[in-house]
Each structure stands twice: as structure tokens, then as C-alpha cells.
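All remarks here apply to the structure that follows.
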Amino acid sequence: AMSKRQSEGGDDGKGKKSRLQQKTAAQFFSENKHFAGFESPGKSLFTSIRELVENSLDGAESIGALPDIRIDLREVPSHEYRKMHGMEKLEEEEKTNEPADGEE
């Protein structure tokens with residue numbers, strides 16, 4: 001059995017540090033995206049939509065209602081995405097800070 005000290009990454013009793021570390025769920029899934037279904041953009045989109053639909057179905061079932069689920073997907077150009085998320089000013093600053101052709 002592992003002691004509390006060992007499970008927290010402390011001394012193993014022999015003067016050596018154990019390698020076991022605790023991580024949050026977010027840290028774990030960030031480092032192991034494939035376990036959550038986020039290893040590629042296509043798989044990420046599928047996994048996200050599936051989760052939203054499953055959660056909607058579960059919610060409707062829990063209150064005894066028939067589900068009414070609508071999904072509208074569209075591709076958003078990067079400039080529109082940046083504007084939606086307040087990133088257009090950052091984009092403008094990047095352009096003004098770029099050296100002119102031939103300068104460095």
C-alpha cells in the first residue's frame with residue numbers, strides 16, 4: 001500500500017522522491033485529448049455536438065418533456081470569429097507592429 005506521503009509526491013521513505021503527481025481533470029484531459037475525443041478538429045466538433053445533444057435529451061427526460069433539439073452549424077471565417085470574440089483590435093495591433101517589407 002502507498003503511504004499518503006508517497007501519493008502526494010513526497011519522500012518514499014528511502015530518500016527518493018516518488019513520481020506520482022496529482023492533476024486536475026482539466027490538466028489530465030488537456031494533456032490526453034484523445035481520451036475525451038478531442039484529438040482532431042473533426043472529432044472535436046463531433047464530440048461537442050454529441051455531448052450537447054445527449055445532455056439535452058437527458059434534461060428533457062428528467063423533466064418528462066419531449067425534446068426539441070435544433071442544430072445550426074456554419075463555418076465562420078477567421079476574421080468574423082476574431083470580431084465575435086473581441087480580437088479585431090489585437091489583429092489591428094499586430095498589423096501595425098509588423099515591419100514593412102525589407103525592414104527588420
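- Within 6.0 Å of atom OH in Y81, 12 or fewer heavy atoms from other residues, nucleotides or ligands are found, so the atom counts as exposed in its surroundings.
- In this structure, V53 is a member of the same hydrophobic cluster as L45, with clusters built from ILVMFWY side-chain heavy atoms closer than 4.5 Å.
- Enclosure of atom CG in L73 by more than 12 non-hydrogen atoms of other residues, nucleotides or ligands within 6.0 angstrom is indicated.
- Under a 4.0 Å N-O distance rule, the pair R74/D72 does not qualify as a salt bridge.
- No donor-acceptor pair under 3.5 Å is formed between the side chain of E51 and the backbone N or O of S48.
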> Could you go step by step and tell me if I69 and L57 meet the side-chain contact (heavy atoms from CB on, under 4.5 Å) rule?
Replying inline: CA-CA 8 Å; I69 301 170; L57 292 172; 3.7 Å; yes
> How far apart are the C-alpha atoms of K43 and T47, what are their side-chain angles, what is the distance that settles it, and do they pass the side-chain contact (heavy atoms from CB on, under 4.5 Å) test?
Replying inline: CA-CA 6 Å; K43 183 81 171 175; T47 300; 4.1 Å; yes
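- Note that CE of M87 and OG of S78 are 9.5 Å apart. Values are rounded to the nearest 0.5 Å.
- The local environment of CD in E61 is sparse, with at most 12 non-hydrogen atoms from other residues, nucleotides or ligands closer than 6.0 Å.
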